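These figures come from a predicted structure and were not determined experimentally.
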Amino acid sequence: SFGINTSDFISPVTQISPRAGFHWEVREGTAIRGGVGIFTGRDPYSWMSFAYSNTGTGALLLNCSGAGVPDFVADPNAQPTSCTTGTPPSAASLSYFVSDFKLPQSVKYALGADQQLPWGMIGSLDFTFIHGMNSLYITDDNLAGPVGTLSGEGGRVMYGTIAATSKKGSVPTVTPNVVSTAYGPILRNANKSGDRTYIATAQVQKAWSNGTELGVAYSHMNAKDYFSLRDAQSVSNYGFSTVDGSLADRNLAISTYNIPDKITITATRNLPWGFALSVIYLGRSGTPYTYIVNGDANADAVGNKIGAFDRQADDAIYVPKGPGDITLVRDSAASSTTNVLVPASASAYDSLEAYINSQSCLRDNRGKILPRNACRNPWQNIFNARVAKTLHFGPGGRDVELIADVFNVLNLVNGNWGLIRETGTLSGAGTEDVALLRLRASDAANGRNAYDVTLPGTKVVNVDASRWRMQLGARVAF
């Protein structure tokens, strides 16, 4: 019924990458340069491998937990086909590429100028615009399409139905509106153009006759995309990409890789006895992140915690205008097993209000579904240093350079310095998404969902990124 032949793959296609550039010496000490061109890359082959492994015929996924886990069976031909509770395997999932799929390309426009300045300094200005072409765009062919919107939740586009209650401490049962129940997600890997990036950089450099060099640069970036692809798996690239707009027509939103402001200071100095010292300071905006729902708030099967999407979630929260603009619930103390939800206490509403008021990205988006990557971690200060010594062995012999690098010198000097504080991180797949609410039920009377509050920590020290490190090395010149 889908017309998909998983034995077919991408058809041969020719892509060209023409480029042109210029350099004009306007006068002594002044130069203008620039260029335009198409640059072709490749998608990671791991993405493409899922077209071979997820054909819908090779494997089924059986998720069992607790008492439902069957006994271990050593015989590979007699593996369990259901949980002890009777739960069957999830429907087979597929991943395929359209036959006319193209490798990703970008059109880059660059313009720059260099100017000799007083006191032997050189100033540079550079501007780059990048237009993305043929970027990977993933949709689910087995979703029949939107079934409506939630009028009481910012017009959230819905792709199925959500149960009116849930078990204690659990998300509710969600029923996506699928084309065929015989299959799970059928991920269609196609192309879409429109990602774009602006980068502007101003830089001043100076070199002295004694081998000392100094450079100071400031860069501003504005990058937006439809998908910020970070994972090795197609199912995670789709399931961890926060929905902004509809699944078929996502909004162009702030990229996970967007760093709006960056200051770079570099210095090198030749020292006595053949030593050389290099230092670099990097001050930059923190990484972006999104507050999301733990659960499947739009009923598209992502966040349901079963089947192919057993750990992914992609629904940004709706930021209420006030306490009366959201439904919060809690489990009834009267029962520990049955589906009983009661209104949350006033303290739950108060804690959510206080949290929203403490975060500018939430305050600024009241009455709306939070745009993807609307929030940002604090400014980061990074200071690295290198000491190098070149040794000469024999007349006409080889040079050996001994190198000692220290990363995050600030943290080496003082354990309270150089700390990277984050709410959402880039330490793993989907970690830039931070759960603030947990889905508990639908609230049909108010045209929205019902949630409980799971406030996350903010500005938590990223231990791995903050720890100082030393690296010793040697380089031989032949």
*Asks:* Stepwise, does the side chain to side chain contact (heavy atoms under 4.5 Å, CB included) test hold for Ile292 with Thr242?
*Replies:* CA-CA 8 Å; Ile292 64 167; Thr242 305; 4.1 Å; yes
*Asks:* Go through the steps for Arg372 and Asp225 under the test side chain to side chain contact (heavy atoms under 4.5 Å, CB included), then give the verdict.
*Replies:* CA-CA 10 Å; Arg372 177 165 65 95; Asp225 55 25; 3.0 Å; yes
*Asks:* Once rounded to the nearest 0.5 Å, what's the spacing between atom CG of Asn189 and atom CG of Asn237?
*Replies:*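 Between atom CG of Asn189 and atom CG of Asn237 there are 9.0 Å.
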*Asks:* How far apart are the closest heavy atoms of Pro378 and Lys459, and which atoms are they?
*Replies:*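 Nearest heavy atoms, Pro378 then Lys459: CG-CG, 3.9 Å.
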*Asks:* Using distance alone, with no hydrogens and no angle criterion, decide if Asn373 and Ser255 have a side-chain donor and acceptor under 3.5 Å apart.
*Replies:*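 No, no side-chain donor-acceptor contact under 3.5 Å.
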*Asks:* So, Thr287 and Asn377: side-chain donor and acceptor under 3.5 Å apart, yes or no?
*Replies:*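 There is such a pair (donor and acceptor under 3.5 Å, judged by atom type) between the side chains of Thr287 and Asn377.
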*Asks:* Are Asp314 and Ser241 close enough that a side-chain donor and a side-chain acceptor fall under 3.5 Å?
*Replies:*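 Result is no, nothing qualifies.
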*Asks:* Could you state the interatomic distance from CE (Met158) to CG (Asn298), rounded to the nearest 0.5 Å?
*Replies:*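 The CE atom of Met158 sits 6.5 Å away from the CG atom of Asn298.
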*Asks:* Test Ile420 against Glu422 for side chain to side chain contact (heavy atoms under 4.5 Å, CB included), laying out the working first.
*Replies:* CA-CA 7 Å; Ile420 305 298; Glu422 298 175 317; 4.0 Å; yes
*Asks:* What residues, two or more places apart in sequence or in another chain, satisfy side-chain hydrogen bond (donor to acceptor under 3.5 Å, both in side chains) together with Thr327?
*Replies:*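 Thr327: side-chain hydrogen bond (donor to acceptor under 3.5 Å, both in side chains) contacts with Asp443, Arg448.
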*Asks:* Closest approach of Lys321 and Arg366, non-hydrogen atoms and distance?
*Replies:*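 Looks like O-NH1, 3.3 Å.
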*Asks:* We want to know whether Arg469 and Asn411 form a side-chain donor-acceptor pair, criterion being a heavy-atom distance below 3.5 angstrom.
*Replies:*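 Judged by distance alone, the side chains do not pair up.
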*Asks:* Can a side-chain donor-acceptor contact be found between Tyr281 and Asn381 if the only test is distance below 3.5 angstrom?
*Replies:*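 Looking only at side-chain atoms, Tyr281 and Asn381 do form a donor-acceptor pair, the distance falling under 3.5 Å.
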*Asks:* For Asp405 and Arg386, what are the C-alpha separation, side-chain angles and deciding distance, and is it a salt bridge (charged side-chain N to carboxylate O under 4.0 Å, His left out)?
*Replies:* CA-CA 4 Å; Asp405 289 302; Arg386 163 179 287 192; 2.7 Å; yes
*Asks:* Looking only at side chains, do Asp296 and Asn304 share a donor and an acceptor under 3.5 Å apart?
*Replies:*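 No, no side-chain donor-acceptor pair sits under 3.5 Å.
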*Asks:* Check the side chains of Asn408 and Ser466 for a donor-acceptor pair under 3.5 angstrom, ignoring hydrogens and angles.
*Replies:*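 The criterion, which ignores hydrogens and geometry beyond distance, is not satisfied for Asn408 and Ser466.
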*Asks:* Return each pair, listed once, that meets ring-ring contact (aromatic ring centres under 6.0 Å, His included) where at least one residue sits in residues 185-236; pairs must be two or more places apart or across chains.
*Replies:*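 Of all non-adjacent pairs touching residues 185-236, those that pass ring-ring contact (aromatic ring centres under 6.0 Å, His included) are Phe129-Tyr198, Tyr137-Phe227.
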*Asks:* How long is the straight-line distance from CG of Asn222 back to CZ of Arg196, given to the nearest 0.5 Å?
*Replies:*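 The CZ atom of Arg196 sits 4.5 Å away from the CG atom of Asn222.
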*Asks:* Do Tyr318 and Asp325 have side-chain N/O donor and acceptor atoms under 3.5 Å apart?
*Replies:*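 Yes, because at least one side-chain N or O of Tyr318 sits under 3.5 Å from a partner of the opposite role on Asp325.
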*Asks:* Does Tyr349 have any ring pair (Phe, Tyr, Trp, His ring centres under 6.0 Å) partners at least two apart in sequence or in another chain, and if so, which?
*Replies:*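 By the ring pair (Phe, Tyr, Trp, His ring centres under 6.0 Å) rule, Tyr349 matches no residue at all.
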*Asks:* Carefully, step by step, assess Arg250 and Asp244 under the rule side chain to side chain contact (heavy atoms under 4.5 Å, CB included).
*Replies:* CA-CA 6 Å; Arg250 295 175 184 250; Asp244 194 320; 5.7 Å; no
*Asks:* Would you compute the distance between atom OH of Tyr238 and atom CD1 of Ile138 and round it to the nearest 0.5 angstrom?
*Replies:*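 It is 9.0 Å, given to the nearest 0.5 Å.
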*Asks:* Are Tyr291 and Tyr355 close enough that their ring centres sit under 6.0 Å apart?
*Replies:*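 Centroid distance Tyr291-Tyr355: below 6.0 Å, so yes.
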*Asks:* Could you verify whether a donor N or O on one side chain and an acceptor N or O on the other, from Tyr159 and Asp140, lie under 3.5 Å apart?
*Replies:*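 No donor-acceptor contact under 3.5 Å links the two side chains.
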